[in-house]
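Here is the structure we will look at.
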Amino acid sequence: MPELPEVETVRRGLEQAMVGRTFTNVILRRENLRFPFPENLVDTLIGRRVDSIRRRAKYLLIDLDDGHVILSHLGMSGRYTLFDGEKVDQFTTPNDSDERSRFGTATGFDGRHDHVEFQFDDGSVAVYTDPRRFGIMDLIAIGEEAIHPLLEALGPEPFGDWNANHLAQRLHKKTTSIKVALLDQRIVVGVGNIYACEALHRSGIHPQRQSKTLVRKDGKPTKKLDALVEMVVEVLEQAVEVGGSSLNDFADVNGTLGYFGHHFQVYDREDEPCLKAGCGGTIERITQSGRSTFLCPRCQR
Ligand SMILES: [Zn+2]
């Protein structure tokens, strides 16, 4: 499942490919993803120019020049693939083009899960592929994102002015474990399972530690909570960097690209030695709220 750094990578790729271009056609190959497509999606988009692309948590917000915004969430398996005009011309439309796109193996699954095709005035095409169809595509008016039912309850973004004081305010009465709190999108958005494990390890905090024990009696963050916030931002930033370097001239804006896999220090490393210098511990796996947590019991307290 794409996490925040992957979505940010996709945002940057789409930004390069779409901003300044005008939709000439939109093909929908089905009526819905997780929810039905808005009825006016195609009519609204044709003739509109893309002005900017923003991200809120794991939602992409594609701003159009008439004040509409395409709200796009990749769900479990959604991704975009971009083709410039020359590349598009190399593909021929299959006879059953209602069911599959012309892009075949270039987007995977023989084109059978290419549910949306955005065509632009320079001949380029952005294809949205989503085999499991948990993705979301909606159309809202600019400004509505603050009151949209999917977005209104979201907590602060980890990038920006978020800091340990903000987190301490949210945690000072919380008896839930710090790992579970980090995954709660009302507390902070976009810290998925992998990055929560990594940030807790780097800051030496046991994932089962009660959240409120990281807040001082006067409501200020403890040193450990300061470190945690710093490490959350660090692991996410590093992952965005890795993702960014995997984008080769916007040819492939793929939700599965850019995973921070080569840099995991605890995630998916059960029974392997802790990589912290001088620790000597062994990584364990436990389950919290149905998700795997990886930790080093020796250096995480
Ligand atoms: Zn350790």
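Just so we're clear, the structure is a prediction, and the values are computed from it rather than from any experiment. Every number for a ligand or one of its atoms is a count from 1 in the order of the listing.
- Counting only heavy atoms from C-beta outward, the side chains of Y128 and L74 approach each other to under 4.5 Å.
- By the side chain to side chain contact (heavy atoms under 4.5 Å, CB included) test, K224 is found to be paired with I205, R209, L214, T222, R301, residues two or more places apart in sequence or in another chain being considered.
- Around the Zn ion (ligand 1), protein N, O or S atoms at less than 2.8 Å comprise C274 SG, C279 SG, C296 SG, C299 SG.
- For D218, the side chain to side chain contact (heavy atoms under 4.5 Å, CB included) partners are R216, K220, not counting sequence neighbours.
- Residues in residues 12-68 take part in these ring-ring contact (aromatic ring centres under 6.0 Å, His included) pairs, two or more places apart or across chains: F23-F118, F23-F120, Y59-H73.
- Not one N or O on the side chain of R56 forms a donor-acceptor pair closer than 3.5 Å with the backbone of L151.
- Annotation: side chain of L33 is in contact with side chain of H115 (closest heavy-atom distance under 4.5 Å).
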